[in-house]
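Structure record follows, encoded as structure tokens.
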Amino acid sequence: ASTHLIKGNLEVKISKRRDLPCFREFKERKSTLTRNLCIRRGSICSGLSSGAVSMGAELARARDNVESVARSLIKFRSVKAQASGGDVEDLAPINPHETSTGTVLPFVGVACLGAILFGYHLGVVNGALDYLSKDLGIAQNAVMQGITLLAAAAVGSFTGGALADKFGRTRTFQLDAIPLIIGAVLTAIAQNVQTMIIGRLLAGIGIGITSAIVPLYISEISPTDIRGALGSVNQLFICIGILAALVAGLPLSRSPLFFYRWRGMFGLAVIPSILLALGMTYSPESPRWLFQQWKISEAEKSIGTLYGKERVPEVMYELRTAGQGSTEPEAGWIDLFSKRYWKVVSVGAALFFFQQFAGINAVVYYSTAVFRSAGIASDVAASALVGASNVFGTVIASSLMDRQGRKSLLITSFSGMGASMLLLSLSFTWKVLAPYSGILAVVGTVLYVLSFSLGAGPVPALLLPEIFASRIRAKAVALSLCMHWISNFVIGLYFLSVVDKFGISVVYLVFAAVCLLAVLFMAGNVVETKGRSLEEIELALNPTT
């Protein structure tokens with residue numbers, strides 16, 4: 001018997017499609033030859049008496065009709081987003097999710113071991129550099145002040161994108177553990193400059209790969225309603241890693257045995273590297289990557305592990321609707337510069353350009369030298385204060401990310417950073433403030449770091465996987481992270497020489513100006529993504545895909 005399942009102006013709600021009696025009863029009683037199909041929205045009921053095959057065909061047609069209407073609604077919404085200026089925040093969520101982390105948190109925690117390693121390798125040299133110079137005969141040059149690590153990290157970020165596309169996210173984590181472990185061991189046992197540089201190169205490649213795949217993996221496995229909070233955890237653990245490296249130097253700075261203990265500081269990085277490789281053995285692969293590879297059964301299994309078996313049909317439907325696993329070939333590097341994707345890719349690269357040229361790593365890497373010039377006696381303690389401020393601010397940002405939104409936090413963050421840099425510059429310029437320059441240097445730096453950690457720190461790495469289309473996501477994130485490391489490299493290479501030539505107050509003024517430009521750029525080019533699934537964002541920003 002023919003049944004008209006959709007009549008009149010039926011409003012289809014995607015998030016509740018599995019509650020339609022026709023689908024529920026088909027799943028629970030598919031062997032029954034006679035059943036009644038009732039569709040909510042009025043009292044539309046009709047009897048269906050046929051064999052299981054014809055009933056399945058009828059329900060398949062019904063499902064196609066539902067998906068067709070839903071796809072039309074989503075398409076209309078994406079066009080509406082473009083007409084209203086392209087901001088995703090102009091639209092109400094298509095598919096509101098119930099708050100549920102399921103079993104996601106343990107796997108986010110495993111991925112964040114990579115973030116800890118990222119921060120630890122960045123900060124470990126800061127407290128050990130003077131003693132490395134004495135023990136190994138290494139002069140205080142640009143190479144040993146982090147430049148080797150940063151150059152290698154830029155290469156690693158490119159490699160990470162390609163590996164993540166080819167082998168998947170979890171396997172790439174495991175491969176990444178190899179250079180991280182070998183690099184940590186070489187730096188710990190180094191007896192000469194050459195061994196130390198090779199170790200730092202390998203560690204740099206490792207954290208470069210990590211910087212690309214940690215935010216990518218977390219974004220792809222996180223539930224929509226808490227994706228912002230979980231994404232900012234990446235930055236939080238980077239801060240914890242930096243802080244751990246700085247704190248590790250506190251009891252060693254006055255110890256005569258420090259020449260030997262610094263080896264333990266470098267060797268300690270082996271432990272989280274091994275745990276990362278082992279943890280990823282038991283972590284589910286990104287269901288979005290699996291679907292792109294047409295590994296449907298594995299994608300369903302991964303979704304069940306992350307969100308529960310009851311969410312499998314819903315998430316799989318979202319993947320189909322967004323065109324995941326389409327017949328389009330996998331995007332190459334050249335596709336990132338095509339007219340179709342260039343605008344969104346340039347926004348991603350600009351986010352990290354502004355992040356770095358606003359001066360954050362100049363503050364972190366050279367905090368000891370800056371505080372020393374300001375008259376602060378305890379260099380390591382001042383640096384640890386910077387790290388603690390970063391952790392505290394990132395915790396606050398995590399609680400605000402899914403309530404205030406990414407864009408507003410970025411604008412607030414860069415505004416605060418610009419004001420702090422202006423304060424720092426004036427403290428070194430105005431003679432009336434000269435007696436208080438040391439205190440103002442600490443206060444201004446702490447306020448700057450707090451402002452940074454509220455938005456400029458955690459948001460870019462979170463926002464990039466959200467705004468990039470699925471077929472370019474891994475490579476586009478890697479390219480943007482490469483901008484991060486190149487900018488980081490330039491700052492590290494020229495910061496001290498520029499300070500020597502122009503003075504610290506002028507450099508701080510330049511950083512303040514960059515913060516102002518960043519605020520203007522964010523206001524005009526960044527879209528809000530809070531409360532939207534990755535598939536909904538992709539449809540809104542790329543309606544033709």
Side-chain angles (χ1 to χ4, degrees), residues 111-112 114-122 146-167 169 172-173 175-176 179-180 201 203-220 231-239 241-242 286 289 331-333 335-337 341-342 344-358 360-361 364-365 406 410 452 456-470 472-492 518 526:
C112 283
I116 291 177
L117 287 164
F118 183 159
Y120 191 84
H121 279 292
L122 288 179
I147 302 305
T148 302
L149 190 79
L150 301 180
V155 176
S157 66
F158 265 121
T159 306
L163 290 175
D165 272 343
K166 184 173 181 61
F167 299 109
R169 294 17 172 173
T172 301
F173 273 112
L175 293 173
D176 183 37
L180 286 171
L201 279 170
I205 292 173
I207 68 170
I209 297 173
T210 294
S211 68
I213 59 175
V214 170
L216 177 65
Y217 181 71
I218 292 177
S219 179
E220 290 188 340
S232 60
V233 167
N234 173 47
Q235 179 67 21
L236 174 62
F237 277 91
I238 292 175
C239 299
I242 294 174
S286 163
W289 180 82
W333 290 105
D335 293 321
L336 302 183
F337 302 96
Y341 297 121
W342 168 243
V344 68
V345 171
S346 64
V347 169
L351 285 174
F352 279 112
F353 173 85
F354 284 120
Q355 182 197 67
Q356 295 303 306
F357 277 92
I360 180 58
N361 281 312
V364 173
Y365 292 154
R406 287 65 153 153
L410 278 174
F452 172 85
V459 171
L462 165 65
L463 192 63
L464 296 190
E466 294 181 330
I467 64 175
F468 292 144
S470 57
I472 67 165
R473 187 172 291 140
K475 289 185 174 67
V477 169
L479 179 66
S480 299
L481 263 298
C482 188
M483 173 60 74
H484 167 278
W485 291 113
I486 291 174
S487 302
N488 209 330
F489 177 87
V490 172
I491 292 291
V526 174

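Computation of the quantities below employed the complete heavy-atom set of this structure, encompassing side-chain atoms and omitting hydrogens, waters and symmetry-equivalent molecules.
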**Message:** Suppose we screen for ring pair (Phe, Tyr, Trp, His ring centres under 6.0 Å). Which residues come up paired with F118, at least two apart in sequence or across chains?
**Reply:** W485

Spacing of [atom1] belonging to [X] relative to [atom2] belonging to [Y], to within rounding of 0.5 Å:
X: D176; Y: L163; atom1: CG; atom2: CG; result: 8.5 Å
X: F337; Y: L479; atom1: CZ; atom2: CG; result: 5.0 Å
X: F167; Y: W289; atom1: CZ; atom2: CH2; result: 9.5 Å
X: N488; Y: C482; atom1: CG; atom2: SG; result: 11.5 Å
X: R473; Y: L216; atom1: CZ; atom2: CG; result: 7.0 Å
X: I209; Y: T172; atom1: CD1; atom2: OG1; result: 8.0 Å

Are the side chains of [Y] and [X] in contact, using a 4.5 Å heavy-atom criterion?
X: P458; Y: I238; result: no
X: T210; Y: L180; result: yes
X: L122; Y: I207; result: yes
X: F352; Y: L481; result: yes
X: I218; Y: C112; result: yes

**Message:** Please check: side-chain N/O of R406 versus main-chain N/O of V459, any donor-acceptor pairing under 3.5 Å?
**Reply:** no

**Message:** Please check this pair: side chain of T159 against backbone of V155, looking for a donor-acceptor N/O pair closer than 3.5 Å.
**Reply:** yes

Do you know which two heavy atoms are closest between [X] and [Y], and how far apart they sit?
X: I486; Y: A154; answer: CG1-CB, 4.4 Å
X: F468; Y: V345; answer: CE2-CA, 3.8 Å
X: P460; Y: L410; answer: CD-CD2, 4.3 Å
X: G457; Y: Q235; answer: O-OE1, 3.3 Å
X: Q355; Y: A456; answer: NE2-O, 2.9 Å
X: A478; Y: S157; answer: CB-O, 3.0 Å

**Request:** Could you please spell out the steps behind the side-chain hydrogen bond (donor to acceptor under 3.5 Å, both in side chains) verdict for E220 and S286?
**Result:** CA-CA 6 Å; E220 290 188 340; S286 163; 2.6 Å; yes

**Message:** Applying side chain to side chain contact (heavy atoms under 4.5 Å, CB included) to I467 and V526, what does each step give before you reach the verdict?
**Reply:** CA-CA 10 Å; I467 64 175; V526 174; over 6 Å; no

